[in-house]
Amino acid sequence: KVMGKGEWAKRREEKDGIERKGWIKVHICVDFETGKILEFCLTEEKVHDSKVFKGMMEGIERRGGKVREVIMDGAYDRGEVWEEIERKWAKGVIKVRRDGKEGGVLKGRDETIREMREKGFREWAKEKGYGRRNKVEATFSRMKGIFGDRVRARSWEGMESEISVRIWILNRMMEMGDGMRETAGS
């Protein structure tokens with residue numbers, strides 16, 4: 001996801017010939033059971049989502065986590081992503097590109113292509129729980145709603161720290177929310 005100046009401002013500045021400094025992208029991994037952010041990575045706007053996947057999975061493992069299933073949009077339908085999923089013995093739920101072809105090397109991807117072809121996207125998505133991916137989108141929405149869509153820090157280290165603090169706060173809020181539900185339910 002992209003954070004920085006708003007999309008409208010970007011278009012206006014480009015139209016007026018104003019050079020912008022660029023965007024930063026915040027990539028996150030969310031635990032679907034707790035809603036907490038497990039790992040994040042900050043990159044420049046031109047870095048493809050799939051390029052940070054392996055490092056983020058390794059970050060989760062360094063903290064003692066085990067990746068059992070990943071649910072991602074079609075931007076992650078890349079060989080290196082599927083290879084990492086298979087290396088970790090995890091389950092991959094990734095929307096495969098329409099022109100995707102079976103290659104015989106990546107079992108999970110080939111299986112997904114066959115299933116999507118046989119069932120159609122909607123049925124496949126329903127069966128695999130692809131809609132759970134929306135939890136990540138909701139997390140970004142929550143982050144932007146609380147903190148806005150800009151970072152105030154100017155240095156890279158400062159931006160990483162600022163995002164890290166935001167994530168820490170969001171995770172504490174999720175914990176408090178769970179406690180509130182438990183208290184209200186008893």
Side-chain angles (χ1 to χ4, degrees), residues 1-32 34-63 65 67 69-85 87-88 90 92-98 100 109 112 125 130-174:
K1 279 299 174 191
V2 178
M3 299 181 83
K5 294 181 181 179
E7 185 67 24
W8 176 84
K10 174 187 167 215
R11 288 188 185 134
R12 184 170 169 248
E13 289 170 358
E14 288 174 350
K15 185 178 177 184
D16 293 342
I18 299 169
E19 185 178 337
R20 61 183 181 87
K21 291 184 178 180
W23 298 72
I24 60 170
K25 288 172 76 172
V26 180
H27 310 265
I28 62 173
C29 293
V30 175
D31 183 315
F32 290 103
T34 66
K36 290 173 64 174
I37 299 171
L38 302 175
E39 185 69 28
F40 84 97
C41 180
L42 194 63
T43 66
E44 294 178 349
E45 64 186 306
K46 292 183 171 116
V47 175
H48 194 277
D49 296 342
S50 65
K51 297 297 180 196
V52 300
F53 176 73
K54 183 176 181 179
M56 291 177 60
M57 296 299 100
E58 290 170 352
I60 291 170
E61 289 178 341
R62 274 194 304 276
R63 289 180 175 76
V67 178
E69 182 179 29
V70 292
I71 304 170
M72 299 179 287
D73 63 25
Y76 289 91
D77 180 26
R78 305 287 174 130
E80 65 264 25
V81 172
W82 284 101
E83 287 170 4
E84 185 65 14
I85 291 168
R87 193 178 72 70
K88 297 202 177 309
V93 180
I94 304 172
K95 182 180 180 182
V96 179
R97 294 185 298 269
R98 287 180 198 224
R109 184 174 191 273
T112 299
Y130 185 70
R132 294 176 290 163
R133 185 183 64 83
N134 293 332
K135 200 163 224 174
V136 174
E137 303 303 329
T139 301
F140 275 114
S141 179
R142 189 178 312 111
M143 185 185 298
K144 287 181 178 183
I146 294 168
F147 301 109
D149 66 350
R150 297 172 186 241
V151 291
R152 286 150 188 84
R154 296 290 169 230
S155 72
W156 196 258
E157 294 79 19
M159 287 187 265
E160 286 179 328
S161 293
E162 184 176 333
I163 298 299
S164 182
V165 168
R166 290 179 183 190
I167 288 170
W168 184 86
I169 292 169
L170 284 174
N171 283 344
R172 297 302 81 72
M173 291 172 72
M174 292 301 293

- Message: If we ignore hydrogens and angles and just use 3.5 Å, is the side chain of R166 paired with the main-chain N or O of M143 as donor and acceptor?
- Response: no
- Report the distance from atom OG1 of T139 to atom CG of N134, rounding to the nearest 0.5 Å. 10.5 Å
- Task: Would you mind checking if D49 and K25 are paired as a salt bridge, meaning a charged N to carboxylate O distance below 4.0 Å?
- Result: yes
- Message: Do R133 and K95 make a side-chain contact, defined as non-hydrogen atoms from C-beta onward lying under 4.5 Å apart?
- Response: no
- Query: Charged N to carboxylate O under 4.0 angstrom, E39 versus R63?
  - Reply: yes
- Taking E162 for the side chain and R152 for the main chain, is one N or O donor matched with an acceptor at less than 3.5 Å? yes
- Item | From CZ (F140) to NZ (K135), nearest 0.5 Å | 15.0 Å
- Task: Identify the two heavy atoms, one from A90 and one from V67, that lie closest to each other, and give their separation to 0.1 Å.
- Result: CB-O, 3.6 Å
- Query: Which atom pair, heavy atoms only, marks the closest approach of T112 to I94?
  - Reply: CG2-O, 3.6 Å
- Query: Would D77 and R109 pass as an ion pair if we require N to O under 4.0 Å?
  - Reply: yes
- Message: Tell me whether N171 contacts the main-chain N or O of K36 through its side chain, where contact means a donor paired with an acceptor under 3.5 Å.
- Response: no
- Item | Student check: side-chain heavy atoms of D73 and Y130 closer than 4.5 Å | yes
- Item | Heavy-atom closest pair, residues M56 and I28 | CE-C, 3.5 Å
- Query: Has the side chain of S141 got a donor or acceptor atom that lies under 3.5 Å from a matching backbone atom of E137?
  - Reply: no
- Query: Can you tell me how far the NZ atom of K54 sits from the CZ atom of R87, to the nearest 0.5 Å?
  - Reply: 5.5 Å
- Which heavy atom of T43 sits nearest a heavy atom of C41, and at what distance? CG2-SG, 3.8 Å
